**Student:** 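My questions all concern the structure below.
Keep in mind that what you see is a predicted model, and the values were worked out from it rather than measured. In what follows, chains carry the letters A, B, and so on, assigned in the order in which the sequence lines appear, proteins first and then strands, with residues in each chain numbered from 1.
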Number of protein chains: 2
Amino acid sequence: MDTINQVSQTGHEVLAAVLGVRGRDREKSLRVLLWRRGRPPQAGRWALPGGQLGATEDVESSIRRQLAEKVDVRQLTHVEQLSVFSAPERVPGRRVVATAFLGLVPCDVDPEIPDDTEWFPVSALPETAFDHGSIVLRARDRLRAKLSYTNLGFALAQPQFTMSALRRVYSAALGYRVSATNLQRVLSRRGLLEPTGGTAPSGPSGGRPAALFRFTGSGLRVTDPFAVLRPPSGEDVRSC
Amino acid sequence: MDTINQVSQTGHEVLAAVLGVRGRDREKSLRVLLWRRGRPPQAGRWALPGGQLGATEDVESSIRRQLAEKVDVRQLTHVEQLSVFSAPERVPGRRVVATAFLGLVPCDVDPEIPDDTEWFPVSALPETAFDHGSIVLRARDRLRAKLSYTNLGFALAQPQFTMSALRRVYSAALGYRVSATNLQRVLSRRGLLEPTGGTAPSGPSGGRPAALFRFTGSGLRVTDPFAVLRPPSGEDVRSC
DNA sequence: GCAAAAGTGTTTTCCCTACACCCATGG
DNA sequence: CCATGGGTGTAGGGAAAACACTTTTGC
């Protein structure tokens, strides 16, 4: 009990799994931004971007500040807390508690990234440092779940897109085929999609030109709050 | 930047909003266990149970250890992380980062609780210490959401129950009327409910004796993983 | 005209809510 | 035999997946 309660030098770091859909055509996949450690411990392994929590900032400000060095902040379309990782020996030698985040970037532009960073498919991670591999998987699972019951797709998509481009983005993120037809129906019914009026040129082999769409609004919204056990019609949820 | 990065004495605490459905009949409501602060700062205000993270434990072990002093641990049917609260001045004077948890206790037995703790309806909180009020609301929202798409009801219910008793539990937790009929259908269809074979005696004014049920299993299971955008029939979600 | 890609209409299926009706008990 | 609460059957609605079919382009 004394050892448990003893005052100790507990460090607090923030880490982010920045996810985005990258790659051309068939190679398109959900990828994560990793950074190659240059010095011990665990030199050569790939780590999540992040760093020490500062004295005058909260965890979200901190991770945004630190990501600004790796990814252009304007590129970050969504940031949310995942969970705390606090196993005593997660960083050997000293006690470091980590607050992990999910960050999302849209799939069109490839932001400038430093030489020691790289995008890796989440399905083929390299040797990761510390517990960072499991943080990436948690981020992937959170993203997949929220794609279903929120409008989070806006954070992965380009500002404008055709339905088949959006289909590829959802397919890569979810890990299975998504039908463009049904995707459009679902997102339209929920009022998340809006035609820009423009069209994309047809490809070299012809085909009807595709209409361009955009997402309405760019903040996270829950679109499917009660899967079952809805409140009775007419009755509202009491605020408490 | 220097002030942000300066090494500082950052404390780390764990806090839990322990929720349960308490009270007889019409007074039944979702309540939270709070503890009255005896000494400054904020003496007299009501706080969540918790304390300092120890050097050799992770955050979940820590909150379980600390709750054991307030609530019998065997009563805790579910514990999960909510989020980190880290506003620099959330505890005036010194820097304390908090990992907040949701804890659940079943609604039958009233565990022994110390003199300075009390169950308060979440809809009528007293003056709370620090940011603990907003933590309670986050816990409530998480519980309400998960009651819909997981089997989390098991953590609030008694070991055995009639459907109308379970209906009262769900109603209190969700904040609106739930029909016993449909509740039974939904939980049965998902394979979460199982008749014990026994029946409860009828009340003083007669009525058919109610059948007794229990939940199958007592670990959290997600029962409604894809509200929409399900994988095509036949196709599985690729593990990555 | 033909292939290719996009978009629409329609069918089927499934699940949930709502409501009517039947069942078992105490007085 | 009637009031009271428990349980079941069923109808209606809504949303999503699947698929057939039409539209628009390049060659």
**Student:** Taking CZ from A/Phe226 and C1' from D/dG14, how many angstroms apart are they, rounded to a whole number?
**Tutor:**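 These atoms are roughly 18 Å apart.
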**Student:** For DNA chain D, find the residues of residues 189-201 of chain B with a heavy-atom distance under 4.0 Å and give them by number; none if there aren't any.
**Tutor:**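 The stretch gives none, as no residue of it lies under 4.0 Å from the strand.
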**Student:** Taking atom P of C/dA6 as reference, at what distance in whole Å does atom CG of A/Leu212 sit?
**Tutor:**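 One finds 12 Å between P of C/dA6 and CG of A/Leu212, rounded.
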**Student:** Calculate the interatomic distance between B/Tyr176 atom OH and C/dA18 atom P; express it in whole Å.
**Tutor:**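 Distance, rounded to whole Å: 11 Å.
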**Student:** Mind calculating the distance between CZ (A/Arg208) and P (D/dT23) to the nearest angstrom?
**Tutor:**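 In whole Å, D/dT23 P lies 9 Å from A/Arg208 CZ.
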**Student:** With a cut-off of less than 4.0 Å, is there a side-chain N or O of A/Gln184 near OP1 or OP2 of C/dA6?
**Tutor:**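 No, outside the criterion.
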**Student:** Round to the nearest Å and state the distance from B/Leu187 atom CG to C/dC15 atom C1'.
**Tutor:**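 Computing the B/Leu187:CG to C/dC15:C1' distance gives 14 Å.
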**Student:** Which heavy-atom pair separates B/Leu147 from B/Ala173 by the least distance, and what is that distance?
**Tutor:**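 Closest heavy-atom pair between B/Leu147 and B/Ala173: CD1-CB, 3.7 Å.
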**Student:** Between CG of B/Leu34 and CZ of B/Arg36, what distance do you get to the nearest 0.5 Å?
**Tutor:**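 One gets 12.0 Å once the value is rounded to the nearest 0.5 Å.
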**Student:** How many whole angstroms separate atom CZ of B/Arg177 from atom P of C/dA18?
**Tutor:**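 For the pair B/Arg177 CZ and C/dA18 P, the rounded distance is 13 Å.
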**Student:** Under 3.5 Å between N/O atoms: give me all the protein pairs with nucleotides 9-11 of chain D, atom names plus distance.
**Tutor:**
unit_1, atom_1, unit_2, atom_2, d
D/dG9, N7, B/Arg185, NH2, 2.8
D/dG9, O6, B/Arg185, NH2, 3.4
D/dT10, O4, B/Arg185, NH1, 2.8

**Student:** Minimum heavy-atom separation for B/Ala98 and B/Leu15, please, with both atom names.
**Tutor:**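 The answer is CB-CD1, 4.0 Å.
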**Student:** Could you work out which one of D/dG6, C/dA24, C/dT17 sits closest to the side chain of A/Arg230?
**Tutor:**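 Among D/dG6, C/dA24, C/dT17, the one nearest the side chain of A/Arg230 is C/dT17.
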**Student:** Under 4.0 Å, heavy atoms only, any strand: does B/Ala211 hit a base, just the sugar-phosphate, or nothing?
**Tutor:**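 Sugar-phosphate: the residue B/Ala211, judged by heavy atoms under 4.0 Å, touches backbone atoms but no base.
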**Student:** Tell me the interatomic distance from B/Asn182, atom CG, to D/dG12, atom C1', rounded to whole angstroms.
**Tutor:**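 Result: 13 Å.
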**Student:** What is the distance, to the nearest angstrom, from the CG atom on B/Leu183 to the C1' atom on C/dC15?
**Tutor:**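 The distance from CG of B/Leu183 to C1' of C/dC15 comes to 15 Å, rounded to the nearest Å.
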**Student:** Any non-hydrogen side-chain atom of A/Val84 less than 4.5 Å from a side-chain atom of B/Gln81?
**Tutor:**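 Yes, their side chains come closer than 4.5 Å.
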**Student:** Nearest heavy atom decides the nucleotide; on that basis, is B/Asp224 or B/Pro209 closer to the 5' end of DNA chain C?
**Tutor:**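 In this pair, the answer is B/Asp224.
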**Student:** In terms of side-chain heavy atoms of A/Ala210, which of C/dG7, C/dA18, D/dT24 is nearest?
**Tutor:**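 Closest nucleotide to the A/Ala210 side chain: C/dG7.
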**Student:** Would you call A/Arg90-B/Asp58 a salt bridge at under 4.0 Å N-O?
**Tutor:**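 Answer for the salt bridge query: no.
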**Student:** Run the numbers on B/Arg168 and B/Val21 for side-chain contact (heavy atoms from CB on, under 4.5 Å), then give the verdict.
**Tutor:** CA-CA 9 Å; B/Arg168 284 190 292 272; B/Val21 173; over 6 Å; no
**Student:** With side chains defined as the heavy atoms from C-beta onward, is the minimum distance between A/Arg221 and A/Leu192 less than 4.5 Å?
**Tutor:**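 When only atoms from C-beta onward are counted, A/Leu192 and A/Arg221 do touch, with a gap below 4.5 Å.
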**Student:** As a test of understanding, state which of A/Phe120, A/Trp35, A/Phe130 forms a ring pair (Phe, Tyr, Trp, His ring centres under 6.0 Å) with A/Trp46.
**Tutor:**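 Single pass found, and it is A/Phe120.
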**Student:** Taking all non-hydrogen atoms of both residues into account, name the closest pair between B/Ser29 and B/Pro121 and its distance.
**Tutor:**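 Closest pair (atom of B/Ser29, atom of B/Pro121, distance): OG-CB, 3.9 Å.
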**Student:** By nearest heavy atom, map B/Val228 and B/Phe213 onto DNA chain D; which one lands nearer the 5' end?
**Tutor:**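 Residue closer to the 5' terminus by nearest nucleotide: B/Phe213.
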**Student:** Tell me the closest heavy-atom pair linking B/Tyr170 and B/Gly153, and the distance in Å.
**Tutor:**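 That would be OH-CA, 3.3 Å.
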**Student:** Atom CZ in A/Phe215, atom OG1 in A/Thr77: separation rounded to 0.5 Å?
**Tutor:**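 So the gap between those two atoms works out to 11.0 Å.
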**Student:** Can you sort out which residues in residues 154-164 of chain B have a heavy atom within less than 4.0 Å of DNA chain C? Ascending by number, please.
**Tutor:**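 Residues of residues 154-164 of chain B under 4.0 Å from DNA chain C: none.
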**Student:** Provide the closest heavy-atom pair for A/Tyr176 versus B/Pro232 in the form atom of the first, atom of the second, distance.
**Tutor:**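 Shortest heavy-atom contact: CD1-CD, 3.6 Å.
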